[in-house]
2 protein chains.
Amino acid sequence: MIDLSFAEENYLKAIYHLSSAGQNQVNTNAIAERLETKPASVSDMIRKLSEKGVISYVKYQGVNITEDGKKKALWVIRKHRLWEVFLVEKLNFHWDEVHDIAEQLEHIRSSLLISRLDEFLGYPKFDPHGDPIPDAEGIISSKPRMILSGLNVKSKVKLVSLKDTGNAFLNYLDRIGMKIGSRIRILDIIEFDGSVEIEIDNRKRLTISKRVADNLLVVAD
Amino acid sequence: MIDLSFAEENYLKAIYHLSSAGQNQVNTNAIAERLETKPASVSDMIRKLSEKGVISYVKYQGVNITEDGKKKALWVIRKHRLWEVFLVEKLNFHWDEVHDIAEQLEHIRSSLLISRLDEFLGYPKFDPHGDPIPDAEGIISSKPRMILSGLNVKSKVKLVSLKDTGNAFLNYLDRIGMKIGSRIRILDIIEFDGSVEIEIDNRKRLTISKRVADNLLVVAD
DNA sequence: GGCGATTTTTAGATTCGCCTAAATTGTCTT
DNA sequence: AAGACAATTTAGGCGAATCTAAAAATCGCC
Ligand SMILES: [Mn+2]
Ligand SMILES: [Mn+2]
Ligand SMILES: [Mn+2]
Ligand SMILES: [Mn+2]
């Protein structure tokens with residue numbers, strides 16, 4: 001029951017994200033790319049993680065995360081997202097500045113610290129990017145999220161998360177006055193290029209490109 | 001100008017504390033004992049730190065911290081103490097619970113984070129144990145501290161820090177209602193065993209042993 | 001001033017996390 | 001079914017941080 005190292009936690013988190021964002025089977029190369037490391041290093045680490053029982057794998061066949069692995073990954077994700085809330089809500093960081101710091105803070109070991117932080121923040125359910133915060137048992141309870149570009153005209157939704165969280169995209173959203181929590185109504189969908197005419201918060205009307213709509217995650221409102 | 005590793009930061013901090021709490025010359029064995037490691041490991045690390053210019057040393061002659069090393073050590077100490085304030089003031093930790101968590105948090109790399117935290121905490125000058133918090137330039141501005149047992153009858157002082165921060169001592173102080181910031185007036189000093197009759201916060205009178213008085217650091221009030 | 005005890009350094013090994021280069025396995029195409 | 005090509009693993013090596021055991025230097029005492 002020894003703690004995972006920082007590196008092991010990062011690998012496990014990457015594997016968790018890859019396996020919940022796609023098929024179950026996670027490839028060596030995908031992990032390497034996500035962690036900006038080399039496939040050979042991933043092979044090494046995969047062996048160690050499977051010896052520790054947090055993933056299972058068959059050589060050349062890719063990786064599956066185990067229940068125990070999922071629990072451990074969700075614990076790191078919980079810490080990451082709570083710290084992001086802290087940075088934005090309490091220390092006035094902008095949502096595009098917090099990720100790198102949270103990448104460090106997520107490895108701090110103290111469950112008491114995290115439960116106190118959770119309490120201090122008022123038990124938030126979502127991080128500043130709209131991603132749900134797992135509870136202490138690793139359970140994520142939140143409405144199913146949809147991609148804006150997949151919806152029909154007249155849908156009324158609320159922005160909860162972003163697929164792209166790069167600065168260019170975040171700056172664009174700032175500029176058009178869209179933020180996590182904004183209400184969006186779909187007025188029309190242009191057949192030609194898939195761009196979407198929307199109304200934000202019952203005030204502002206504008207057209208966004210399909211590319212933008214592809215990166216907005218929303219829930220029914 | 002590459003960052004020091006966690007291990008290097010811990011060594012440097014230990015060397016800083018040892019050199020400011022005693023003679024300038026810091027011994028290999030003293031460092032090993034403080035960090036609960038072996039002298040052989042210390043010798044190795046000393047070589048690396050001196051190559052990086054944060055300490056200077058001559059083989060077999062002990063170590064001196066350089067100006068650059070002092071600056072870097074004080075930066076880690078600043079972070080440690082600010083996080084301790086955060087844990088006690090905002091997350092309701094008790095002062096005897098915060099050290100181990102701060103040992104982890106002190107290595108988080110972000111000067112913006114620390115300046116925001118400092119602001120959020122209201123620019124505290126002392127940590128929960130009464131130790132002064134260096135400013136962003138590494139300057140410690142605080143009154144000279146004295147040991148209570150070294151003072152004369154009728155002195156009026158304020159408790160700012162503890163030499164012993166073990167649980168037994170902290171519990172005792174709680175029990176007699178003494179805390180950082182308490183005003184202490186010395187009513188009498190018993191010649192026989194050096195115990196001290198005091199008045200706390202103009203209310204409570206009691207006698208403390210010399211052993212206790214030895215561990216109370218105070219400033220003139 | 002010399003010698004035993006203590007302190008410090010060196011030598012050699014281990015674990016972790018990473019790398020490059022080479023070998024191996026799997027997949028796809030014809 | 002056989003290459004060609006891609007994905008993955010293995011082999012071998014490196015730097016960081018640690019350890020034990022042994023050698024070397026310094027200190028302290030007579
Ligand atoms: Mn993040
Ligand atoms: Mn986030
Ligand atoms: Mn501390
Ligand atoms: Mn402290």
Side-chain angles (χ1 to χ4, degrees), chain A residues 1-15 18-19 22-65 69 72-73 76 103-104 106-107 109, chain B residues 1-15 18-19 22-65 69 72-73 76 103-104 106-107 109:
Chain A
M1 294 302 144
I2 198 71
D3 277 324
L4 299 180
S5 69
F6 284 21
E8 287 169 333
E9 286 186 344
N10 285 333
Y11 272 94
L12 193 57
K13 194 159 59 100
I15 293 167
L18 289 168
S19 70
Q23 63 292 2
N24 262 20
Q25 208 80 341
V26 179
N27 302 319
T28 300
N29 276 357
I31 299 168
E33 193 176 349
R34 193 179 172 104
L35 293 176
E36 293 179 83
T37 182
K38 303 293 168 187
S41 309
V42 175
S43 282
D44 251 23
M45 184 57 95
I46 277 174
R47 194 181 29 74
K48 283 197 290 184
L49 290 177
S50 84
E51 277 165 14
K52 296 196 175 186
V54 293
I55 61 174
S56 65
Y57 88 116
V58 183
K59 269 183 200 169
Y60 295 98
Q61 306 279 132
V63 166
N64 280 90
I65 194 163
K72 290 190 162 70
V76 178
E103 281 296 313
Q104 300 179 60
E106 73 188 4
H107 302 293
R109 282 177 230 291
Chain B
M1 293 304 146
I2 197 70
D3 278 323
L4 299 180
S5 69
F6 285 20
E8 288 170 333
E9 285 187 345
N10 285 333
Y11 273 94
L12 193 56
K13 194 159 58 100
I15 292 167
L18 288 167
S19 70
Q23 63 291 3
N24 262 20
Q25 208 79 342
V26 179
N27 302 320
T28 300
N29 276 357
I31 299 169
E33 192 177 350
R34 192 177 172 105
L35 293 176
E36 294 178 82
T37 182
K38 304 293 169 187
S41 309
V42 175
S43 282
D44 250 25
M45 184 58 95
I46 276 174
R47 193 181 31 72
K48 283 196 291 183
L49 290 177
S50 81
E51 277 164 14
K52 296 197 174 186
V54 294
I55 62 174
S56 64
Y57 88 117
V58 183
K59 269 184 198 169
Y60 294 100
Q61 305 280 131
V63 166
N64 280 90
I65 194 162
K72 289 190 162 70
V76 179
E103 281 296 312
Q104 300 179 61
E106 74 188 2
H107 301 293
R109 281 178 231 292

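Just so it is clear, the structure is predicted and the values come from calculations on it, not from any experiment. Side-chain atoms are counted along with the backbone in the values below, which use heavy atoms only and exclude waters and symmetry mates. First the proteins, then the strands, lettered A, B, ... as listed; each starts at 1.
If you find the closest nucleotide of DNA chain C to A:K59 and to A:S5, the one lying nearer the 5' end belongs to A:S5. Of the two residues near DNA chain D, B:T37 and B:K52, the one whose nearest nucleotide lies more 5' is B:K52.
Between the NZ atom of B:K38 and the P atom of C:dT9 there is a distance of 17 Å, rounded to whole Å. Atom OH of B:Y60 and atom P of D:dA23 are 13 Å apart (whole Å). Between the CG atom of B:L35 and the P atom of D:dA17 there is a distance of 13 Å, rounded to whole Å. In this structure, B:I2 places its CD1 atom 16 Å from P of D:dG15, rounding to the nearest Å. If you measure from atom CD of B:Q25 to atom P of D:dT26, you get 13 Å, rounded to the nearest angstrom. The nearest whole Å value for the distance from the CD1 atom in A:I31 to the P atom in C:dG17 is 15 Å.
For residues 39-49 of chain B, proximity to DNA chain D is found at B:A40, B:S41, B:D44, B:M45, B:K48, defined as any non-hydrogen atom under 4.0 angstrom from a strand atom.
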*Begin with the C-alpha distance, continue with both residues' side-chain angles, and end with the deciding distance and a verdict on side-chain contact (heavy atoms from CB on, under 4.5 Å) for A:V26 and A:Y57.*
CA-CA 9 Å; A:V26 179; A:Y57 88 116; over 6 Å; no
*What do the steps show when you test A:N10 against A:E106 for side-chain contact (heavy atoms from CB on, under 4.5 Å), and what is the final call?*
CA-CA 10 Å; A:N10 285 333; A:E106 73 188 4; 3.3 Å; yes
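OP1 or OP2 of D:dA7 has not a single side-chain nitrogen or oxygen of A:N27 nearer than 4.0 Å. Distances shorter than 4.0 Å separate none of the side-chain N or O atoms of B:Y11 from OP1 or OP2 on D:dA16. Taking only side-chain nitrogens and oxygens, B:N29 comes nearer than 4.0 Å to OP1 or OP2 of C:dT8.
Nucleic acid contact class of A:F6 (heavy atoms, under 4.0 Å, all strands): none.
With B:E8 as reference, B:K52 is the one residue of B:K52, B:K13, B:K48, B:K72 to meet the side chain to side chain donor-acceptor pair (under 3.5 Å) rule.
Atom CE of A:M45 and atom OG of A:S5 lie 5.0 Å apart (nearest 0.5 Å). To the nearest 0.5 angstrom, A:I55 atom CD1 is 11.0 Å from A:Y11 atom OH. Once rounded to the nearest 0.5 Å, the distance linking CD1 of B:I15 with CG of B:N27 reads 11.0 Å.
Under a cut-off of 6.0 angstrom, the local environment of CD in B:E33 is sparse, with at most 12 non-hydrogen atoms contributed by other residues, nucleotides or ligands.
If you check D:dA24, D:dT9, D:dA17 against the side chain of A:Y57, the one that comes closest is D:dT9.
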